[in-house]
Structure formats: C-alpha cells, structure tokens
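Note that this is a predicted model, so its numbers are computed, not measured. Residue numbering restarts at 1 for every chain, and letters A, B, ... go by the order of the sequence lines.
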Number of protein chains: 2
Amino acid sequence: MTRLSVVPKLDPESMKTACSKCNLRELCLPSGLSGDEIDQLDNLIRVRRIYRKGEHAYHAGDLFDSLFAVRTGFFKSNLLNEDGRDQVTGFHMAGELMGLDGISTDHHTCDAVALEDSELCVIPFARLEELSREAPSLQRHLHKIMSREIVSDQSVMMLLGSMRAEERLAAFLLNLSQRMTARGYSPSEFNLRMTREEIGSYLGLKLETVSRVFSRFQSDELITVQQKHIRIRDIPKLRAIVGQHC
Amino acid sequence: MTRLSVVPKLDPESMKTACSKCNLRELCLPSGLSGDEIDQLDNLIRVRRIYRKGEHAYHAGDLFDSLFAVRTGFFKSNLLNEDGRDQVTGFHMAGELMGLDGISTDHHTCDAVALEDSELCVIPFARLEELSREAPSLQRHLHKIMSREIVSDQSVMMLLGSMRAEERLAAFLLNLSQRMTARGYSPSEFNLRMTREEIGSYLGLKLETVSRVFSRFQSDELITVQQKHIRIRDIPKLRAIVGQHC
DNA sequence: CGCAGTTTTGATTCATCTCAATTTGTGTGG
DNA sequence: CCACACAAATTGAGATGAATCAAAACTGCG
C-alpha cells in the first residue's frame with residue numbers, strides 16, 4: 001500500500017476493499033449510510049490485517065482503541081474468568097463487528113481468535129466517534145449496532161437459561177443458516193469453523209452432548225453431518241424443535 | 001438553578017431531583033460529566049414518572065423513543081419469546097439505565113416491570129443523541145454505558161453457560177451486594193425485591209432449586225435468609241464458591 | 001381472619017455430565 | 001507420498017445435579 005505525501009491515497013489493491021466498494025457494506029458498519037458518509041468511512045478505515053488461524057486480534061486486558069470488522073474468515077470471542085473458567089461468548093463472520101465490549105473500560109474484556117485465516121478491518125474508535133458526531137445517521141447506526149449486540153446477547157441468555165440441548169443446537173444451526181443466507185451463501189450447506197468443544201462452550205454444553213445431539217438430528221433426518229460439514233435437511237422441523245417449549 | 005423565561009422552568013419540587021442535584025449522579029448517566037454537561041442533561045431529562053408495583057415501563061414491541069433511568073425502586077426486564085417462553089434478563093436498581101435494547105429496531109424487545117413502587121427518569125433518546133453530538137464526553141459516556149451492558153450480559157452468559165446452581169446463586173448474591181454497596185447501602189443485609197421464581201428465571205434455575213440452595217447456604221452459615229430478607233454472613237466463602245471451577 | 005401467592009422440603013425422574021474407549025481426520029517430517 | 005503422532009469426533013455406560021411432582025408451611029394483603 002503506497003501513499004502520497006499529504007492526503008493518503010488508496011492504491012487500486014486496497015480500493016477494492018474500501019467500504020464503498022466492499023461487498024459487505026450492506027451488512028457491516030456502512031449499512032444504511034449515504035454515499036457521502038460511506039466515503040468518510042473509507043477515509044477512516046485504512047488498515048486491514050490478515051490473521052492466520054489461531055492468531056488473536058486482541059487479548060482480554062489489551063488496551064482498547066479500535067473496533068474490528070470481519071472482512072473474510074471467522075472469529076470466536078472467548079471470555080476468560082479469573083478462576084480459569086473459559087467460555088466462548090460469540091462467533092463472528094464476515095461483516096460483523098468485534099470489540100464493542102472494550103469501550104466500557106478502555107480494555108478488551110475477551111480474547112478474539114481467528115478460527116481460520118481471516119482479514120479484519122481496523123476501525124479507530126476515537127475517530128469513529130468523531131465522525132459520528134458529525135454524521136447523525138452514522139451515530140444512530142453505531143448505536144443500533146451496539147444495541148443489536150445487547151439484544152443478541154440477551155437471546156443467548158434466553159437460550160442458555162431455558163432451552164434443552166436439542167433446542168440449543170437447533171437454534172444454533174438456524175442462526176448460522178440465517179447468517180449464511182444474509183451473506184449470499186447456501187442456507188442449508190456449510191462448513192463449521194469451530195470444534196464441537198467450542199460449540200459446546202458457547203451453548204453451555206459438553207462436547208460429547210453436542211456430538212450426540214448432532215448424531216440424533218442426523219438419524220432423525222433433520223441434518224446430514226460429517227465432521228465439520230453440515231447439510232440442513234429440514235428447517236421447519238428444526239424450527240419446531242426451537243419453538244416447542246417443553 | 002434558575003433559568004430564563006424561554007427555557008421551561010423546573011419547579012422547586014422537581015429541582016430536587018434534577019440530574020445536577022441527584023444523589024445518583026455518580027452512578028447514572030451524568031457520571032463523569034462536567035458541571036456544564038450535567039446542566040444540559042437537566043434540560044434534557046424533564047419528565048419523571050411514578051410506577052406502582054407491577055406496572056410496566058414498556059412492553060416488548062412498544063415503539064422505542066426514550067431510555068429510562070431508575071431513580072427509586074426496582075425493575076426487572078422480561079424477555080417473552082414467540083413460543084411463550086419467558087425469561088428475566090435483568091434486574092435494575094437506582095441509577096441504572098433501561099431500554100438500550102430498543103435502539104436496535106426502534107422497538108423495545110422486552111418488558112420492563114416495576115417490582116416495587118418506583119420512579120423513572122425519562123430520557124428522550126433522539127435528544128440524548130443530539131446532545132452527545134455536541135458533547136464528546138457525554139457521547140463517550142453513553143458508549144461506555146452501552147458497552148458496560150454488553151460486558152455484563154456476557155458475564156451472565158458465562159454464568160448460565162458454565163456455573164452450577166450454587167455458583168450461580170453465590171454470584172448473584174455477590175453482585176447484588178456489590179450494587180448495594182455502590183449505592184451506600186449495607187453490602188451484607190438487604191431485602192430481595194424479586195420472587196424465587198424470578199431469581200430462578202434469571203439464573204436458569206427452577207424456583208425450588210433457588211430455595212434449596214438458599215437453605216443450604218443458610219445451614220452452611222454463609223447467609224441468613226428469611227423469605228425476602230437476606231443477610232450475607234461470609235462473603236469470602238461465597239467468593240470461593242463462585243471462584244472454584246468444579 | 002382467611003385466602004392466595006410464595007416458599008420450603010421431600011421423593012423421584014431425567015437430562016446432561018463424566019469417564020473411557022474407539023474411530024476418524026489432520027498436519028508434519030522422513 | 002506415506003507413516004506417524006496428535007487433535008477432534010463419536011459412542012457407550014454409569015454417575016449426578018437439577019427438574020418435576022407433590023404436599024405442607026408460611027406470609028401478607030384485603
């Protein structure tokens with residue numbers, strides 16, 4: 001990435017991935033913004049970074065100064081308690097924002113780990129705040145994104161607090177399927193990027209339980225599962241499993 | 001604080017509870033703001049409302065246009081799923097903000113119910129956004145509050161995902177105790193405002209389990225419990241229960 | 001004072017965890 | 001390219017913590 005002296009210019013390579021050209025813009029930070037506002041984001045988000053599988057975008061305790069948007073790949077967030085307890089608190093795919101938890105104390109509260117080779121857009125938060133003071137619709141949009149995170153955390157609380165193993169797995173698969181659809185991928189066929197243990201940690205189950213429920217779903221012909229490859233065969237029935245309160 | 005004619009005047013009664021005079025200001029929205037910025041909040045937050053026990057501040061689905069700050073009393077948030085499943089997602093005491101979930105879709109996603117006679121400050125959100133565009137430190141503070149909510153939801157996820165009943169109850173009691181302390185109340189003696197069922201719903205347990213664990217804590221001399229009255233007798237041991245990973 | 005709602009406690013059942021063994025898949029170096 | 005070692009996933013058997021069902025005791029409100 002070469003830059004000119006005063007006003008830094010994006011070279012053609014990075015241009016391809018400027019917000020304004022990004023095929024994720026409808027899912028990511030720019031969604032719902034005017035062309036003008038997206039241009040300003042182009043100016044703000046100038047750093048992208050590649051992460052190899054297993055690499056951390058940040059660790060719990062690190063100073064917070066940027067949000068991260070997933071451009072390609074897949075991340076998990078990991079909460080590590082004082083007492084060594086460790087839980088996956090989220091999975092993040094292309095177009096999703098990570099790091100909102102860090103605003104609260106200026107330090108990240110969880111680890112973010114790449115589950116495959118990935119690329120992140122780095123969003124300097126102080127500058128995003130500046131920008132959003134000037135652009136009400138960007139401000140509102142940032143607030144919506146934070147609020148959406150709160151809402152989705154709360155529906156995970158509901159899942160963990162009141163669903164049984166089968167319901168949790170069904171909800172998990174449907175959620176993945178829906179996020180794949182939003183990204184233009186098949187809603188019914190995809191590869192899991194995380195291990196059974198990570199799924200279990202996220203859903204409050206042991207890995208053996210996750211494996212068993214997958215097998216049961218398979219023998220009930222709801223899904224086909226072969227290691228990490230999942231094919232969803234009966235979405236309505238999965239929905240019924242989540243829906244049934246008992 | 002006297003104001004000139006154009007600006008509506010607060011009467012002496014409400015004066016007593018303007019943000020600038022509010023004894024909760026260190027806990028609530030104004031915390032960390034300059035005197036000048038708090039004056040602007042005084043101007044913004046002009047409506048307070050009394051709620052009787054059992055009354056709703058809002059229902060899931062209601063149009064969102066304001067945040068609510070608890071001035072006195074105690075609220076719960078209740079998530080009601082399509083399928084009739086119902087879960088308490090939070091308890092809110094004086095100085096805490098409710099309604100952040102509504103920003104995401106312009107509609108509240110949960111019910112907020114008074115668990116005792118209470119008073120809320122109504123904070124018109126559009127005007128709060130306006131104000132925070134002008135006052136960077138208010139903006140940053142609002143972001144911190146939202147982020148804090150995300151962090152605390154995530155630690156509930158951790159609790160629900162990986163703790164056993166005793167650990168959950170111990171964590172719950174310590175959390176209440178700590179919030180009481182922050183408000184100048186005794187950390188070790190207080191009245192619960194919620195039923196065993198509500199505690200259970202929040203913690204992903206049945207009411208009988210909550211009751212049993214309270215009884216066990218009592219016979220282990222960790223607490224004294226008599227219906228809603230709780231006296232915490234051994235905070236270090238409660239901490240040890242939460243801490244022990246097994 | 002009586003009644004409804006809440007809480008406590010007991011007996012039993014059930015879902016998930018734990019422990020263990022086996023199979024399958026993956027990455028590395030000879 | 002194959003063999004080996006290691007990680008991940010499956011499956012089974014048995015243990016266990018919490019749920020469920022049930023009954024009794026307590027509380028507070030009208």
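- With hydrogens and angles left out, the side-chain atoms of B/N81 and B/D86 include no donor and acceptor closer than 3.5 Å.
- For C/dT6, neither phosphate oxygen OP1 nor OP2 lies less than 4.0 angstrom from any side-chain nitrogen or oxygen of B/K228.
- Computed from coordinates, the B/M194 CE to C/dT7 C1' distance equals 16 Å when rounded to whole Å.
- The shortest distance between side-chain heavy atoms of A/M194 and A/F91 falls below 4.5 Å.
- With rounding to whole Å, A/R168 atom CZ is found 10 Å from C/dT16 atom C1'.
- Residues A/K76 and A/Y202 have side chains not in contact (no heavy-atom distance under 4.5 Å, counting atoms from C-beta outward).
- Straight-line distance from the CD atom of B/E198 to the P atom of C/dG5: 14 Å, rounded to whole Å.
- For the pair A/S215 and D/dT11, the criterion of a side-chain N or O lying under 4.0 Å from OP1 or OP2 is met.
- Aromatic ring orientation, A/Y58 versus A/H108: parallel (interplanar angle below 30°, classes split at 30° and 60°).
- When the P atom of D/dT11 is taken as reference, atom CZ of A/F217 falls 15 Å away, rounded to whole Å.
- For A/H229 and C/dT24, the NE2 to C1' distance is 17 Å, given to the nearest whole Å.
- Listed by first and then second residue, the salt bridge (Lys or Arg N to Asp or Glu O under 4.0 Å) pairs that reach into residues 222-237 of chain B are B/D234-B/K237, sequence neighbours excluded.
- Scanning both residues, B/L24 and B/G95, for their nearest heavy atoms gives CD1-N, 3.7 Å.
- In summary, of the residues considered (A/I232, A/I230, A/I241), a side-chain contact (heavy atoms from CB on, under 4.5 Å) with A/F217 occurs for A/I241 alone.
- The CD1 atom of B/I199 sits 9 Å away from the P atom of C/dT8 (whole-angstrom rounding).
- The shortest distance between the side-chain N/O atoms of B/S211 and the OP1/OP2 oxygens of C/dT6 is not below 4.0 Å.
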Contact list (N/O, under 3.5 angstrom) for nucleotides 17-23 of chain D vs protein:
from, atom 1, to, atom 2, distance (Å)
D/dA18, OP1, B/A165, N, 2.6
D/dA19, OP1, B/K206, N, 3.4
D/dA19, OP2, B/K206, N, 3.2
D/dA19, OP2, B/T209, OG1, 2.3
D/dT20, O4, B/R212, NH2, 2.8
D/dC21, N4, B/E208, OE2, 3.3

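- At whole-Å resolution of the value, CZ in B/R52 and P in D/dC29 are 12 Å apart.
- Under the 4.5 Å side-chain criterion, counting only non-hydrogen atoms from C-beta, B/C121 is not in contact with B/F68.
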Subject >> Dot-bracket notation for DNA chain C, counting Watson-Crick and G-U pairs under 3.5 Å, with | for partners on another strand >> reply: ||||||||||||||||||||||||||||||
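- Two residues are said to be in side-chain contact when any heavy atoms from C-beta on lie closer than 4.5 Å; B/R148 and B/E96 fail this criterion.
- One can place CG of A/L169 at 13 Å from P of D/dA9, the figure rounded to the nearest angstrom.
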